[in-house]
There are 2 protein chains.
Amino acid sequence: MTVTIYDVAREAKVSMATVSRVLNGNPNVKPETRKKVKDVIERLDYRPNAVARGLASKKTTTVGVIIPDISNLYYSSLARGLDDIAEMYNYQIIITNTDNDPDKERDAFLGLISKQVDGIVFLGGALNEETLNDIKKSHLPVVICGTSEKDENMPSVNIDYNEAIKEAASKFLDGGAEQIAFVKGSYSEQLERHIVDGLKTAYSEHDRSFDEKYILSTGADYQSGAELYETIRELEADVVITMSDDAAIGVLHKAMDHDISIPDQLQVLSCSNTRLVNMVRPQLSSIALPLYDIGAVGMRLLTKYMNEETVEEANVILPYRIEYRGTTK
Amino acid sequence: MTVTIYDVAREAKVSMATVSRVLNGNPNVKPETRKKVKDVIERLDYRPNAVARGLASKKTTTVGVIIPDISNLYYSSLARGLDDIAEMYNYQIIITNTDNDPDKERDAFLGLISKQVDGIVFLGGALNEETLNDIKKSHLPVVICGTSEKDENMPSVNIDYNEAIKEAASKFLDGGAEQIAFVKGSYSEQLERHIVDGLKTAYSEHDRSFDEKYILSTGADYQSGAELYETIRELEADVVITMSDDAAIGVLHKAMDHDISIPDQLQVLSCSNTRLVNMVRPQLSSIALPLYDIGAVGMRLLTKYMNEETVEEANVILPYRIEYRGTTK
DNA sequence: ATGAAAGCGCTAACAA
DNA sequence: TTGTTAGCGCTTTCAT
């Protein structure tokens, strides 16, 4: 049979309360009692049952992670940052993939609730309205990483997309770019709005106006990018900015297949900077999002909420860098 | 306050036992009672507390996943397959990264045990001896995916590495290759042995013998591959087989930087076939491991153990394909 | 078909 | 400093 706190108490000739105290580092235990108990714990190879603990204390030391697709480098990089910090604070993470499907998202959320997680991190993708309401009703600590939701009043970690895109677009425009096309993935509307705003600002600062027909919509994968190339050519854009690295590489390769010279005839900039960027030739220019850090900071932020520490800033903005490589002039 | 099974019982004017029965689909409930209870559940928006359930039933419907690094495409592809099947069977997964560090691995395992997971999947990497013993002692269902451990008597899902490498090597040798170098990552010794066996068999079938100095050791990342190129050149190998796609691409790019013509002067074959293979030019030839399927089948296998179904074959071998693309003749 | 009651293994008042 | 005891919210015999 499995050894319980009761066995330890009996062997150490103390009450289970005392064992519980040494387990939880409660200072109100005489050092010699503590030692005695620890010895028995060691001898019996006793390990506390986290489930029982969770039931009694209403804390499970697990946090739920809702993520579109863990096999996507963008999200898994965020997730890795999360997990490292979670581990540091002795939390474990339950991951659920949603493919950005609202139904799956909701199921994931309800599943996590029933598992009594202490908090939830929402990674990337679009948070749908209904889930958002569920979250609010649950009164659970929630942090959103790498995306924005509609009313931006939930704790979050991001970069300043608006500013990043503005900076990039300005530079292209300064360099004489004719027309910038922007390829969005399946991100949140809010995030998209920031980006379009950035684009518009850059244009207007150059006394031009950005036509929304240059906003292209597609999947975040290589194939989607490749398929989009035709549209880009028809639009006669000479710069493409994409959300995902994969899509950027799809565009890039397709363009090269058409003997378009990169970056002279077409410049490509992605917005992720996963390690894919170094694996193509020419190397992909990219807005470097500190993905790992976003995840890590997000988890740290969540621990603050879970421990009811005071949080100075609920909406953390992390710095970005624009890495100009071979696909830009 | 949160609504409990007791509230439902009271409102429905039945005992909590009956509520529990309808919750668990126990047939011994009069249809009209069932309906009454279900109505109340709906009305109160009652959701069972999985922690309490876990404590009472000794089943948590969560499985632990021990993985070297979730931000690695190889592992995250496995993980995605896992999670999809887990979801299908109503399990949730707790993921812990180990970086192949034995200490982290052990901590991860102990953490999962204390969380009372119903089973564990070990994904890739090397399973260290001590953890292996812990696992055996725990009597928990465990499945190993995408790697082999020493005594191959644990349930596992893999491809036939030996055969795959033999086939690939034979083809190179048939094509007049002078010397094949093999680049291993940080995989299990057992797996490595299969691969070296395959290599040796291929050589001996060509009346040659494989010299172990052509086995190169490095990390699984791009940079490691790039750094290895020098060694490969010194060894005068004209074929490189690597475990990871990243490393292969590193070798590839470095070789191209040295104006080595691919595949004429150097052929490169990786062993993963993650979606990176299409993102380099020339496209990377690769032994296609059905990563998603390995994860999915592994999870399915685990559910069988957890439900105490009979398992016909504990060591599943999935088919592989060799995709010859631009980096091989 | 339904209910009563005893746990599951722990935490957290409250007493002492 | 330590022990007693009452739960936490559910499942699961055992009666009825």
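By convention in this document, chain letters (A, B, ...) are assigned in the order of the sequence lines, proteins followed by strands, and residues within each chain are numbered from 1. Being a predicted model, the structure only gives us computed values, none of them experimental. Reckoned from all heavy atoms, side chains included, excluding hydrogens, waters and symmetry mates.
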Nearest heavy atoms of [X] and [Y], plus distance in Å:
X	Y	value
A/Pro141	A/Asp118	CD-O, 3.4 Å
A/Asn28	A/Asn26	N-OD1, 2.8 Å
B/Leu291	B/Leu78	O-CD2, 3.3 Å

I want to check one thing: is the phosphate of [N], taken as OP1 and OP2, less than 4.0 Å away from some side-chain N or O of [X]?
X	N	value
B/Lys58	C/dG7	no
A/Thr2	C/dG9	yes
B/Thr33	C/dT2	yes
B/Ser15	C/dG3	yes
B/Thr18	C/dA1	no

Could you tell me how far apart [X] ([atom1]) and [N] ([atom2]) are, to the nearest whole angstrom?
X	N	atom1	atom2	result
A/Gln116	D/dG9	CD	C1'	9 Å
A/Lys59	D/dG9	NZ	P	14 Å
B/Tyr6	D/dT11	OH	P	17 Å
A/Arg10	C/dG9	CZ	C1'	14 Å
A/Met16	D/dG7	CE	P	15 Å

Handout entry: Overall bend - the helix from C/dA1-D/dT16 to C/dA16-D/dT1, comparing terminal axes fitted on five pairs, nearest 10 degrees
Key = 30°

Problem - Donor + acceptor pair across side chains of B/Arg80, B/Ser77 (<3.5 Å) - result: no

Handout entry: Polar contact flag, side-chain donor to acceptor under 3.5 angstrom, B/Asn97-B/Tyr75
Key = no

Problem - Strand-adjacent residues in residues 19-32 of chain A, judged by heavy atoms under 4.0 Å from DNA chain D - result: A/Arg21, A/Asn28, A/Val29, A/Lys30

Handout entry: Positions of residues 46-55 of chain A (non-hydrogen atom under 4.0 Å from DNA chain D), listed by number
Key = A/Leu55

Exercise for the section: Would you mind reporting whether A/Gln92 and B/Leu112 have side-chain heavy atoms less than 4.5 Å apart? Expected result: yes

